[in-house]
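The structure appears right after this line, and notes come after that.
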Amino acid sequence: MSTYRDLTHRGSARATVLRTVGTRERRSHLTAPRVPTVGIDIGGTKVMAGVVDADGNILETLRTETPDKSKSPKVVEDTIVELVLDLSDRHDVHAVGIGAAGWVDADRNRVLFAPHLSWRNEPLRDRISGRLAVPVLVDNDANTAAWAEWRFGAARGEDHLVMITLGTGIGGAILEDGQVKRGKFGVAGEFGHMQVVPGGHRCPCGNRGCWEQYSSGNALVREARELAAADSPVAYGIIERVKGNVPDITGPLITELAREGDAMCVELLQDIGQWLGVGIANLAAALDPSCFVVGGGVSAADDLLIGPARDAFRRHLTGRGYRPEARIARAQLGPEAGMVGAADLARLVARRFRRANRRRVERYERYERYAEARRSNDRTAQGTQ
């Protein structure tokens, strides 16, 4: 690790600097230091860490399984620290950005709630920064993915962007004029829990009819398994593929069969895509962005999903035919988007931290010069006596 890491303070002064810069969104990203940073993406099944340069290029990645959710938050923190220290042995790391699958407060310090981990009002940034000698930034993983797509991917050049991540559920983010919109309490973008069907399917959040119950990986797999369990004739293809073991039906398998022309799998993806388009039309009415970027694992279906979504969007858009239509694009950075975005956002914190650290070093050097001058004067005075 570089001497920069050795020079940083581990005490309260450093924590004060991190609290000051961690609450601010830096818009002038082009003037951020061109230094390598580490991005970490924490999901329900994996923790991925990577060193990313100033142009969004990934220099190295490490992956490990996410510790079981029944374990203490410290177990996950230990995993993060171990990955960062491992990478820092081979790279000059200046800051760490963490994209967490959960609700992060407006100060980007505490994870208020994470559905896949035992984090409840957990001060993740302070805990990690207290163990590493570099500044740390924490944000929602959809926010970091949106930032990455805006900086390096499908949304470059867009000034009003909405990111939708389709995975187990639905996550989202809003980015306007180079700023991630987090809301007053930091939890904006939870689009998956908009109600689209009153009294519909029960959602783990406690409500019914949430959007993610109709357009997500869980919804896709649920429908396929129900048809297979009912021994529906349209499901014979997938039943044969899993040898009758219905729990083996997964989203990637459905996508694979759809690409091979399986009629049921194609229809299921069309259904998911149509619900996706309905939700996007609702978001367009509320937010009026110039671009929607669709990411997450389910987006791997590409036009099998995005095509029906675009059709449904046009049918349900308020004022259709009399207003400009937002562009709907598939994310370009794939599963690394959250990691790349977290690393790039961390560079903005690194700039302010490096300035503060440089000022501390300069003050220390001035003090040393002053102390040396005092010692020299004392020696001179003693010599004249």
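Fair warning: this is a prediction, and the values are worked out from it, not measured in the lab. Numbers here simply count residues along the sequence, with the first being 1. Side chains included, hydrogens not; waters and symmetry mates left out as well; all remaining heavy atoms used.
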Can you give each donor-acceptor pair under 3.5 Å made by side-chain atoms of residues 282-295, sequence neighbours left out, with the distance rounded to 0.1 Å?
from	atom 1	to	atom 2	distance (Å)
D288	OD1	R323	NH2	3.1
S290	OG	E158	OE1	2.6
S290	OG	H160	O	2.9

Enumerate, atom names and distances included, each donor-acceptor pair closer than 3.5 Å involving a side-chain atom of residues 192-211, sequence neighbours excluded.
from	atom 1	to	atom 2	distance (Å)
Q195	NE2	R208	O	3.3
R202	NH1	G206	O	2.9
R208	NH1	G200	O	3.3
W211	NE1	W275	O	2.9

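Residue M48 shares its hydrophobic cluster (ILVMFWY side chains chained together at separations under 4.5 Å) with V52, I58, F152, L333, M339, V340.
Linking Ile, Leu, Val, Met, Phe, Trp and Tyr residues whenever their side-chain heavy atoms come within less than 4.5 Å places I98 and L85 in a single cluster. Linking Ile, Leu, Val, Met, Phe, Trp and Tyr whenever their side-chain heavy atoms come within less than 4.5 Å leaves F185 and V104 in two separate clusters. Tracing side-chain contacts under 4.5 Å through hydrophobic residues (I, L, V, M, F, W, Y), one never reaches I170 starting from V180; they form parts of separate clusters. Residues M163 and L137 fall within the same hydrophobic cluster, defined by Ile, Leu, Val, Met, Phe, Trp and Tyr side chains chained together at heavy-atom separations under 4.5 Å. Under a hydrophobic-cluster definition in which Ile, Leu, Val, Met, Phe, Trp and Tyr are linked whenever side-chain heavy atoms come within less than 4.5 Å, directly or via other members, L83 and V96 are assigned to the same cluster.
Annotation: salt bridge (charged side-chain N to carboxylate O under 4.0 Å, His left out) contacts involving residues 244-255, sequence neighbours excluded, are absent. Under the salt bridge (charged side-chain N to carboxylate O under 4.0 Å, His left out) criterion, the residue pairs touching residues 293-302 are D302-R330, with sequence neighbours excluded. Identified under the salt bridge (charged side-chain N to carboxylate O under 4.0 Å, His left out) test for residues 250-265, with sequence neighbours left out: R241-E256, R241-E260.
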Going through the distances and angles, do V278 and I280 end up as a side-chain contact (heavy atoms from CB on, under 4.5 Å)? CA-CA 5 Å; V278 170; I280 290 176; over 6 Å; no
So L345 and D139, side-chain contact (heavy atoms from CB on, under 4.5 Å) or not? Walk me through it. CA-CA 9 Å; L345 283 166; D139 209 336; 4.2 Å; yes
Using the side-chain contact (heavy atoms from CB on, under 4.5 Å) rule, take I238 and M264 through it: C-alpha gap first, then chi angles, then the decisive distance, then the call. CA-CA 9 Å; I238 201 166; M264 182 200 77; 3.8 Å; yes
Would I174 and F191 satisfy side-chain contact (heavy atoms from CB on, under 4.5 Å), going step by step from the backbone distance to the final call? CA-CA 10 Å; I174 307 164; F191 306 136; 3.8 Å; yes
Take D105 and R182 through the test salt bridge (Lys or Arg N to Asp or Glu O under 4.0 Å) and record every step on the way to the result. CA-CA 9 Å; D105 70 0; R182 296 178 176 85; over 6 Å; no
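Using modelled atom types, one finds a donor on one side chain and an acceptor on the other under 3.5 Å when comparing W147 with D344.
Panel note: side chain N140, backbone G102; a donor-acceptor pair is recorded below 3.5 Å. With S129 contributing its side chain and R125 its backbone, the two residues share a donor-acceptor pair below 3.5 Å. At least one donor-acceptor pair under 3.5 Å links the side chain of T165 to the backbone N or O of G171. In this structure a side-chain-to-backbone donor-acceptor pair under 3.5 Å is missing from S216 to Q213. Of the possible polar contacts, none joining the T61 side chain to the A49 backbone as a donor-acceptor pair under 3.5 Å is found.
For the pair N109/V138, no side-chain contact is recorded, criterion being any heavy-atom separation below 4.5 Å from C-beta on. Between V81 and L132 there is a side-chain heavy-atom pair separated by less than 4.5 Å. Looking at T64 and L62, their side chains never come closer than 4.5 Å, going by heavy atoms from C-beta outward. The side-chain heavy atoms of V47 and I40, taken from C-beta on, include a pair separated by under 4.5 Å. Using a 4.5 Å heavy-atom threshold, the side chains of D141 and I42 count as separate. In this structure the side chain of D92 never reaches within 4.5 angstrom of the side chain of V35, judged on heavy atoms. Looking only at side-chain heavy atoms (C-beta outward), Q274 and H316 stay at 4.5 Å or farther from each other. Looking at heavy atoms from C-beta onward, V187 lies in side-chain contact with L112 at the 4.5 angstrom threshold.
Ion pairing between K46 and E65 fails under the 4.0 Å rule for side-chain N and carboxylate O. The existence of a salt bridge linking D311 and R315 is excluded, since no basic side-chain nitrogen approaches an acidic carboxylate oxygen closer than 4.0 Å. Using a 4.0 Å cut-off between charged side-chain N and carboxylate O, R110 and E122 make no salt bridge.
Residues A106 and G183 share a closest heavy-atom pair of CB-O, 4.5 Å. Between V221 and I249, the closest heavy-atom pair is CG1-O, 3.6 Å. Minimum heavy-atom separation, N143 to A173: OD1-CB, 3.2 Å. The two residues E77 and L124 make their nearest non-hydrogen contact at CG-CD1, 4.0 Å. When all heavy atoms are compared, the tightest approach of A54 to R151 is O-NH2, 3.8 Å. Contact record, A326 with F313: O-CE2, 3.9 Å, taken as the closest heavy-atom pair.
Annotation: F113, atom CZ; neighbour count of heavy atoms from other residues, nucleotides and ligands within 6.0 Å is above 12.
For the atom pair I272 CD1 and E267 CD, the distance stands at 11.5 Å (nearest 0.5 Å). Summarising the geometry, atom SG belonging to C265 is positioned 4.5 Å from atom CG belonging to L257; distances are rounded to the nearest 0.5 Å. Residue L220 holds its CG atom at 10.5 Å from CZ of R225, rounded to the nearest 0.5 Å.
The only option from D271, I164, L276, L305 that meets the side-chain contact (heavy atoms from CB on, under 4.5 Å) definition with S215 turns out to be L276. Screening D303, L304, I306 for a side-chain contact (heavy atoms from CB on, under 4.5 Å) involving L269 leaves a single residue, L304. A side-chain contact (heavy atoms from CB on, under 4.5 Å) with P36 is found for one member of H91, H94, E60 and no other, namely H94.
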